Number of protein chains: 2
Amino acid sequence: MVRIVDVAKLANVSTATVSRVLSNSGTVSKETTEKVMEAIEKLNYQPNILARQLRKLETKTILVVVPDITNTFFSKILRGIEEVAAKNGYQVLLGDTGNNLEREKEFLNILRQKKADGLILLTARIDQNSIEEIANEFPVVLACEYIEGSQIPTVSIDNISSARKATEHLILLGHKRIGFISGPLNVVLSRDRLKGFHQAIAQHGIAAEPYLIQEGDFSYESGFNLMMKFLALEQPPTAVFAANDEMAIGAMKAIKSKGLRVPDDISVVGFDDIKFASIVEPALTTIAQPMFDIGMKAMELLLKLIHKDPLEKNQYILEDKLIIRDSSNEYKKK
Amino acid sequence: MVRIVDVAKLANVSTATVSRVLSNSGTVSKETTEKVMEAIEKLNYQPNILARQLRKLETKTILVVVPDITNTFFSKILRGIEEVAAKNGYQVLLGDTGNNLEREKEFLNILRQKKADGLILLTARIDQNSIEEIANEFPVVLACEYIEGSQIPTVSIDNISSARKATEHLILLGHKRIGFISGPLNVVLSRDRLKGFHQAIAQHGIAAEPYLIQEGDFSYESGFNLMMKFLALEQPPTAVFAANDEMAIGAMKAIKSKGLRVPDDISVVGFDDIKFASIVEPALTTIAQPMFDIGMKAMELLLKLIHKDPLEKNQYILEDKLIIRDSSNEYKKK
DNA sequence: GTTTACATTGTAATCGATTACATTATTTTT
DNA sequence: AAAAATAATGTAATCGATTACAATGTAAAC
């Protein structure tokens with residue numbers, strides 16, 4: 001392990017001068033700089049980052065807490081985060097909770113122990129107090145989820161208007177009996193999507209039948225099972241809006257397993273536009289979220305927090321988009 | 001920021017005693033331990049990990065270099081890695097290369113600068129010298145890919161026999177004209193899957209027609225495009241084996257877009273058993289890799305390397321499995 | 001030539017936790 | 001009671017890079 005003191009000896013200068021050369025301080029003569037650079041190259045010197053981190057009290061590392069790394073929705077956001085992080089000399093510590101609340105809480109200690117300079121939360125399922133507390137002390141950005149009434153910088157889409165838009169799409173296709181498969185209702189974005197659904201049907205004078213609203217857990221399996229439940233009704237819905245694509249794909253599978261056709265018998269709309277939304281058959285109508293952009297924006301905001309630059313605002317709402325594919329079609333009276 | 005010196009003052013002991021209490025050294029009296037724990041709790045003390053890392057020259061962090069975090073094959077392996085890491089008090093630094101060789105090389109500096117204690121490579125596409133060099137100096141484990149002739153600890157499946165098995169499955173279904181869509185041939189596992197394909201057809205006295213072997217890039221799009229190419233032949237293959245599921249799904253899409261049926265007109269077999277393999281229609285026949293187990297094993301090996309424990313061997317070949325679903329069927333003469 | 005201003009470099013402290021070795025306290029053995 | 005052994009705790013060095021302030025060198029102004 002070559003240390004800075006070895007370089008200084010070879011170059012016949014002090015360690016401070018070597019450090020100044022490395023940091024381009026602008027206070028070292030050209031001649032001395034060249035001498036030092038030669039020594040660095042000759043010894044193949046790499047600074048010990050641990051020492052630098054302690055001296056500067058800065059790690060150039062950020063923590064990203066993710067509920068499920070195998071869900072491509074989150075991994076695409078992570079890709080956006082990584083892009084901006086790498087451009088700014090930062091590394092990303094992965095905090096994959098596997099939807100485990102205890103693990104989520106433990107990850108917060110990484111900040112308290114100074115092992116990361118900031119945090120991006122892609123999940124905010126632990127109690128609000130814990131999050132607000134950590135955000136009061138450390139740079140924290142929320143992506144996708146948000147906390148009501150909080151000042152924590154947040155990047156997301158407007159889940160209410162998105163869900164309203166998706167539901168209106170079905171209503172404009174003539175559907176009057178629309179089922180909604182929500183995400184877990186302890187998650188604020190699930191509640192927003194439900195709210196958007198309610199708004200749309202209320203605006204069009206459609207009654208909200210409680211049995212046409214079921215709570216899923218964002219998984220393919222819950223979509224399948226809840227669609228089976230809808231199909232067991234005397235009058236199944238003629239269209240279904242699911243709060244994410246995996247559940248929508250599960251719903252389509254259930255419909256087809258009953259010998260019914262999508263969209264001819266039942267239209268289906270999802271949310272997120274994951275990769276397989278366009279591959280499944282029929283291709284899924286869905287709300288597209290700009291995942292990569294969400295990740296990038298979140299990292300940009302976090303860098304500002306870390307550097308104590310002022311933020312123009314706390315809430316960044318990016319544009320979503322209704323992508324109409326083959327899974328939704330006009331209601332046909334039978 | 002509460003420091004250890006503050007705790008020591010409050011507890012009226014030295015900082016060494018506080019440190020011993022924290023590390024359960026077994027050399028502190030019960031009475032003193034309690035006094036110290038009270039002070040720690042009262043001050044809500046959290047050790048500064050940066051100082052500990054420098055003193056101990058250890059980060060309890062490992063780097064995982066991944067070619068594409070949005071591919072669920074890799075994110076599942078990462079899940080297995082994270083599981084074992086967390087259990088052993090380690091954190092995972094994400095090295096997502098986005099298939100960029102330059103970025104892959106840059107990530108290796110993280111080891112040289114001591115920012116991580118070891119490395120798991122899920123991609124070995126940069127030159128062999130760089131990898132061997134880093135593995136000579138630092139704990140490195142390869143997962144999925146391997147380097148011919150190298151002693152670097154490796155976890156994977158036997159890609160040759162897996163591919164032979166998949167190809168034999170099609171042969172036993174009566175197919176004589178089998179197309180193969182390989183991965184990028186600069187990647188050793190792609191060459192192995194090609195080798196397995198060759199072995200199977202040779203063993204059954206089937207000629208290897210060059211135009212029935214095409215090189216893809218593991219993406220859905222390349223699967224689609226190369227299947228279109230096969231379909232443009234005077235005599236298209238009656239079955240296709242693709243070197244991963246995404247390409248197989250693309251191939252199925254191409255077949256269907258031409259008004260042909262899977263498997264009635266053309267059988268398709270994939271590789272990996274990603275989540276959507278069982279969801280697409282028809283459900284894909286594929287080789288299942290134990291991704292989670294690969295990740296876990298890789299991390300277990302890396303921990304042994306880090307702790308300088310002896311390894312029983314360098315090569316760990318885990319079991320794969322042929323999963324027969326609906327995309328492959330008997331050849332029907334026309 | 002002397003003084004002042006600026007550029008360049010060096011010295012030693014700093015960061016906060018850990019631990020080798022020394023010192024002190026307590027227990028056991030003779 | 002004294003000596004030996006063991007337990008418990010403290011002091012100060014260590015880890016390796018950075019940087020505040022001091023010291024030295026050089027150029028410009030008088």
Side-chain angles (χ1 to χ4, degrees), chain A residues 1-40 43-61 89 109-117 137-138, chain B residues 1-40 43-61 89 109-117:
Chain A
M1 176 67 186
V2 181
R3 292 166 306 153
I4 202 169
V5 71
D6 304 314
V7 174
K9 260 190 209 136
L10 185 60
N12 215 29
V13 295
S14 72
T15 62
T17 299
V18 178
S19 194
R20 288 188 188 109
V21 169
L22 285 174
S23 65
N24 291 301
S25 71
T27 57
V28 184
S29 74
K30 193 158 179 274
E31 182 181 48
T32 302
T33 298
E34 280 169 7
K35 202 169 35 165
V36 170
M37 293 306 295
E38 277 169 23
I40 284 170
L43 294 174
N44 203 25
Y45 168 72
Q46 292 268 352
N48 183 322
I49 296 299
L50 305 185
R52 186 183 283 174
Q53 288 180 342
L54 176 61
R55 182 59 171 84
K56 299 182 75 158
L57 286 176
E58 160 184 287
T59 62
K60 294 284 193 152
T61 302
N109 280 331
I110 290 181
L111 280 193
R112 294 191 185 100
Q113 296 173 358
K114 303 289 168 191
K115 197 166 173 178
D117 298 338
E137 254 186 291
F138 303 102
Chain B
M1 175 68 186
V2 180
R3 293 165 306 154
I4 202 168
V5 72
D6 304 313
V7 175
K9 260 190 208 135
L10 185 61
N12 215 29
V13 297
S14 71
T15 61
T17 299
V18 179
S19 193
R20 288 186 189 111
V21 169
L22 285 173
S23 64
N24 292 300
S25 70
T27 58
V28 185
S29 75
K30 193 159 178 286
E31 181 181 45
T32 303
T33 298
E34 279 168 11
K35 203 168 37 168
V36 170
M37 292 308 294
E38 276 168 24
I40 284 170
L43 293 173
N44 203 28
Y45 168 72
Q46 291 268 350
N48 183 324
I49 296 299
L50 304 185
R52 186 183 282 175
Q53 289 181 341
L54 176 62
R55 181 60 172 83
K56 299 183 74 158
L57 287 177
E58 159 184 286
T59 62
K60 293 283 190 151
T61 302
N109 281 332
I110 290 182
L111 280 193
R112 293 192 186 99
Q113 295 173 354
K114 304 286 167 187
K115 197 165 172 178
D117 298 340

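Lettering follows sequence order; numbering is per chain, from 1. In this text the structure is predicted, and so the values were computed from the model without any measurement.
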Once you apply a heavy-atom cut-off of 4.0 Å, does T32(A) come out as touching a base, just sugar-phosphate, or nothing?
sugar-phosphate
Between CG of L50(B) and P of dA17(D) the distance, given in whole Å, is 15 Å
hbond_proxy R52(A) side chain to dT18(D) base (donor-acceptor, 3.5 Å cutoff):
no
Measure the distance from NZ on K30(A) to C1' on dA7(C) and round it to the nearest whole Å.
17 Å
Spacing of D6(A) atom CG relative to dA17(D) atom C1', expressed in whole Å
13 Å
Whole-Å gap separating P (dT18(D)) and CD (Q113(B)):
11 Å
P47(A) has a side chain; which of dT9(D), dA17(D), dT9(C) sits nearest to it?
dA17(D)
Can a donor-acceptor pair be found, under 3.5 Å and without considering hydrogens, that links the side chain of T32(A) to the backbone of V28(A)?
no
Could you tell me whether the side chain of D117(B) and the main chain of E58(B) form a donor-acceptor pair under 3.5 Å?
no
Please report the C-alpha distance between T61(A) and K115(B) in whole Å, then the side-chain angles of each, then the deciding distance to 0.1 Å, and finally whether the side chain to side chain contact (heavy atoms under 4.5 Å, CB included) criterion is met.
CA-CA 10 Å; T61(A) 302; K115(B) 197 165 172 178; 2.9 Å; yes
For dG10(D), does either OP1 or OP2 sit under 4.0 Å from a side-chain N or O belonging to T17(B)?
yes
Check step by step if side chain to side chain contact (heavy atoms under 4.5 Å, CB included) holds for Y45(A) and L22(A).
CA-CA 11 Å; Y45(A) 168 72; L22(A) 285 174; 3.7 Å; yes
Shortest side-chain distance from S29(B), nucleotide among dA17(C), dA8(D), dG16(C):
dA8(D)
Tell me which of I49(B) and T27(A) sits closer to the 5' end of DNA chain C, going by the nucleotide each one is nearest to.
T27(A)
Rounded off to whole Å, could you give me the NZ-to-P distance for the K60(A) and dT18(D) pair?
12 Å
In terms of side-chain heavy atoms of R20(B), which of dT9(C), dT18(C), dC21(C) is nearest?
dC21(C)
Remember a base hit wins even if backbone is also touched, and classify V13(A) as base, sugar-phosphate or nothing at under 4.0 Å, heavy atoms.
sugar-phosphate
For the side chain of S19(B), starting at C-beta, report the closest nucleotide among dG10(D), dT9(D), dT18(C).
dT18(C)
Any salt bridge linking K35(B) with E31(B)? Criterion: basic side-chain nitrogen under 4.0 Å from a carboxylate oxygen.
no
If you find the nucleotide of DNA chain D closest to G26(B) and the one closest to L22(A), which residue's nucleotide is nearer the 5' end?
G26(B)
Calculate the interatomic distance between E58(B) atom CD and dA17(C) atom C1'; express it in whole Å.
13 Å
Can you tell me which nucleotide in dA13(C), dT9(C), dT9(D) comes closest to the side chain of R55(A)?
dA13(C)
Rounded distance (Å) that lies between atom C1' of dC15(C) and atom CD1 of I4(B):
14 Å
Distance, rounded to the nearest Å, where K115(A) contributes NZ and dG16(C) contributes P:
18 Å
Tell me whether the side-chain N/O atoms of Y45(B) come closer than 4.0 Å to OP1 or OP2 in dG16(C).
no
